[in-house]
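Here is the structure we will look at.
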Amino acid sequence: MNVKQLDELFQEYGYEAKEKNASYQVYVLNQGMYHGAEVVVLDESDVEQTREQYSKLGYHVKEQRFLTIDEAENYLFSGFFNTQTTKSDIEKRYLDYAESQVKPYRNANIKYQYISMPYSVYSQETNNSNQGSIDIVSAIKKEIEKKGARLIIVEAAAGFGKTCTAYEVYKSFAETTSFHKPIFTELSRNRDAKQFKYILWSEIDKEKETTAKQDLVVYNIRNGRIPLIIDGFDELLSKDIDPGKADQLNEFEQVETMLSTIGDLLTNESKVILTSRKTAIFAGTEFEDWVESYNGSFDVVRFQLNKPDIKEWLSPERYDEINQTQIPLDSISNPVLLTYLRNVESESFKELILIPEAITDHFFEFLLNREKERQNLPIRWEDQMKIFENLAKALAEFDITGESRSFIKDLIIDYNKEDLINHKESMPTKQTLDELADTLTNHALLDRLGNKDFVTFVNEFVFGYLLGKGITNGGVEYLQRLNPLPEYLLELAVTAFKYSSNKDKQTLWNLLSKTKERMSLSLAIATDCFLKGKIIGCYRCEGVNSYSFDSIVFSSDDCQFVDVSFVDTTFEKCDFDAKAFSNVTFTGCKFKNCNTINPEILKETHQIHCYGCDDYNTGFIASIENNTIISDHEIEDVNLELQILSKYFKVDGKTPKMRYISSIRKEFETQNLDVVFATFYSLKKRGMLLIDGNNSHISRTGIVYYHKNIQA
């Protein structure tokens, strides 16, 4: 055994080497009232005399005969981090979370079941991004098991399974607790405005369940023994960090300080899993530069959760019934609503699918009527809705997602006092106002976050829908009081209202549109897309990054885009009116089943430019782009080909890496971009470059071609 490594290991855990010789080492630890001595025997020697010596000095003595350094480290890690209870701790916390998810359905014989979401994965190692072929938890675990440090990012829209997926990953560690002790932290927006570094370490200290010092926790995070799961990274982002603005360096710097706290942990074998709503942050050139600044000390893997596959959520019989009624599947493609449709009784299901736009209202009616029974609460479901709509509005005024239980109780009283006084009179047993508010704080729509006394809504969909209803009932006066606008929370509202009736959507849009001049581009677009199905307004000199447009109409009658850049954006089943675009660029974008309106005007002008985009050979890009004629000689410039391919290697000139197409474009902006990207497309066509959205890789063919020609 390497004695030097043994010394270093025990020193990491706070021990002092007290005695050394060829046969044994003695390490002592003095922590408060505990004084321990580890006698590590290196051969077959009898150390009974040494044990007695240290025992008389007041030490609790243990004799160890380790065969390997790993065995010694397992012993120390297990002792300091109490891994004997880790399995039961994980299972208990997971069970508590699972129960909180079905809490609204109590007494309905519904069991929690995690259903894997379809996903795409983007990695610096793979030659292309791809649709996940195995369930996402297994895919994430495979990344965790790989050698080297890894930052694993799980992105999804609000309410689309980020936290559920994080808990499944956390639960999976229950089988490896002899050498793993995961730390799961749930971040949230509250009234405290502390630096991210202190928030993160405060959460870690609460979750680590040991008196081990911070340096020892860092040591084990970096060695991969403490995988770190950070749920809700986006909760702490400034409202200014959004898909319309993150390409601006001064705003990325706000995120960079948060990322650097995480980056400092990403060495050796550390594994950090972040969950976040989909933002431009992780697909921008600044993020790529930030990763590069660590000189390859860690790899980044991004998982993006897509819309749920309805077939996976419903029985074959219910899926067939939905198809027969020709319900637009987008109107129910939400995990919360699908859980409801999967579990309601057969007769109720048949009634619900007759009027799909009323499913959300029936969902809340179902939950709140059950709550009347569960808590013996004689408050009509409509009145319960009003109470929690007011609570959602109150949280939005503070721009927070939750707070301490006592603060939530105070908000319930303050924003519903007159109604609560009336309701308490109808209670079967006499209650004070405070006792009634206490009962409502235990409501099925609310949940305690983790192991803390922190109360929030049970999920983002519930919060968003209640806030949206509260806004429609509160009118424009309420929105005028919000200064600045709580953009993160308003986005939850418009996302949740995507599944509401057209009438409700229009009502909410009418109110929010009056505050559009105060909105970021991201929120303005989300408001139009989810509530109107089309873009309305004029946008100049803006950037749209990492956004997904589904079945959206870009009509010149409603909108104009002038000097606008779209990056890493997906357009599916969208209609493009050529008259709506003037000097617009698309970089690293995807176009799926899209159509062009008024394409004839593009023959005379050069208003749309596409760089590194993909239309899956449908010819859509050719229909919207009037490319400058470029000669074969310019396209077949070997020097330019090698210049482009050289961008796909790390500093050693050998190891391939993923590149954002937007970064490639930026690096060639002093050259003729039409020629550069005609050459880029030529390399793609010949199989040397592989692209998916804004992500691009060099293929094996490209690597061989590059090295063969660079030598020549």
Point-to-point distance, once rounded to the nearest 0.5 Å, from CD1 of I152 to CG of L274: 9.5 Å
Check: S582/Q607 side-chain N/O donor and acceptor closer than 3.5 Å: yes
Note, Q643 side chain near T679 side chain (heavy atom, < 4.5 Å): no
Validation row, ring centre F620 to ring centre F571 under 6.0 Å: no
Full working for side-chain contact (heavy atoms from CB on, under 4.5 Å) between R302 and N695: CA-CA 11 Å; R302 290 169 59 211; N695 301 273; 4.1 Å; yes
Criterion ring pair (Phe, Tyr, Trp, His ring centres under 6.0 Å) on Y660 and F287, from CA distance to verdict: CA-CA 10 Å; Y660 293 130; F287 179 71; 7.3 Å; no
Side-chain donor or acceptor of S699 paired with backbone N/O of M688 under 3.5 Å: yes
Within-4.5 Å side-chain heavy-atom neighbours: T515 and L482: no
Residue pair D568 / N545, side-chain donor-acceptor N/O under 3.5 Å: no
Any Y705 side-chain heavy atom under 4.5 Å of I710 side chain: no
Distance-only side-chain donor-acceptor flag, T401 / Y488, under 3.5 Å: no
Check: F586 ring centroid to F591 ring centroid under 6.0 Å: yes
Y499 side chain to S333 backbone, donor-acceptor under 3.5 Å: yes
Salt bridge (Lys or Arg N to Asp or Glu O under 4.0 Å) between D558 and K532, worked out: CA-CA 11 Å; D558 299 310; K532 295 289 285 183; over 6 Å; no
Closest non-hydrogen atom pair, D234 against S276: OD1-CA, 3.2 Å
Close side-chain approach of V494 to L490, heavy-atom, < 4.5 Å: no
Note: D577-K534 ion pair, threshold 4.0 Å (strictly below): no
E288/K666 salt bridge by N-O under 4.0 Å criterion: no
Test item: Q671 and L640 side chains (from C-beta on) under 4.5 Å apart, heavy atoms: yes
Residues E143, K146: salt bridge by 4.0 Å N-O rule: yes
Any side-chain heavy-atom pair of E491 and S522 under 4.5 Å: yes
T261 (side chain) donor-acceptor with T257 (main chain) under 3.5 angstrom: yes
Spacing of CG belonging to D289 relative to CD belonging to E292, to within rounding of 0.5 Å: 7.5 Å
Audit row: E572, K307, salt bridge (Lys or Arg N to Asp or Glu O under 4.0 Å) steps and yes/no: CA-CA 13 Å; E572 187 166 358; K307 288 187 296 187; 5.5 Å; no
Aromatic plane relationship, F680 with F677 - under 30° parallel, 30 to 60° tilted, over 60° perpendicular: tilted
Donor on one side chain, acceptor on other, N502 and Q506, under 3.5 Å: no
Any donor-acceptor N/O pair, R222 side chain to D264 backbone, under 3.5 Å: yes
Pairwise distance OH(Y681) to SG(C610) - rounded to 0.5 angstrom: 6.0 Å
Non-hydrogen side-chain atoms of L492 and L467 separated by less than 4.5 Å: no
Taking every non-hydrogen atom, the tightest pair across K162 and L305: N-CD1, 4.1 Å
Under 3.5 Å: donor-acceptor pair, side chain of Y122, backbone of F303: no
Sidechain-backbone polar pair: N694 side chain, I661 backbone, donor-acceptor under 3.5 Å: yes
Worked verdict on L512 versus F497 for side-chain contact (heavy atoms from CB on, under 4.5 Å): CA-CA 13 Å; L512 290 176; F497 259 56; over 6 Å; no
D692/K590 under salt bridge (Lys or Arg N to Asp or Glu O under 4.0 Å): CA gap, chis, key distance, verdict: CA-CA 8 Å; D692 187 276; K590 302 181 196 176; 2.8 Å; yes
Closest approach of E155 to F282 (non-hydrogen atoms, all atoms of both residues): OE2-CD1, 3.6 Å
Basic-acidic side-chain contact under 4.0 Å: E667, R659: yes
Over all atoms of both residues, closest heavy-atom pair of R518 and P484: NH2-C, 4.4 Å
Euclidean distance, S138 OG relative to E145 CD, rounded to 0.5 Å: 9.5 Å
S270 side-chain N/O to L265 backbone N/O, donor-acceptor pair under 3.5 Å: yes
Test side-chain contact (heavy atoms from CB on, under 4.5 Å) applied to Y547 and T570, step by step: CA-CA 6 Å; Y547 206 86; T570 300; over 6 Å; no
Backbone N/O of S123 and side chain of H697: donor-acceptor pair under 3.5 Å: yes
Side-chain donor/acceptor of K592 to backbone N/O of K573, under 3.5 Å: no
Minimum heavy-atom distance between Y539 and I536, given as atom pair plus value: OH-O, 3.5 Å
Side chain proximity check, S120 to N306, heavy atoms < 4.5 angstrom: yes
R277 with E460: basic N within carboxylate O range, under 4.0 Å: no
F668 six-ring face occupied by K647 cation (under 6.0 Å, within 45°): yes
Separation between CG of D614 and CG of L690, rounded to the nearest 0.5 Å: 11.0 Å
Heavy-atom donor-acceptor pair, E269 side chain to G148 backbone, under 3.5 Å: yes
Within 6.0 angstrom of N617 CG, more than 12 heavy atoms from elsewhere: no
Residues E286, V255; criterion side-chain contact (heavy atoms from CB on, under 4.5 Å); working and verdict: CA-CA 10 Å; E286 288 84 5; V255 183; over 6 Å; no
Point-to-point distance, once rounded to the nearest 0.5 Å, from OG1 of T185 to CD1 of I229: 9.0 Å
Aromatic centroids of Y706 and F649 separated by under 6.0 Å: yes
L259 to W290 - nearest heavy-atom pair and separation: O-CZ2, 3.2 Å
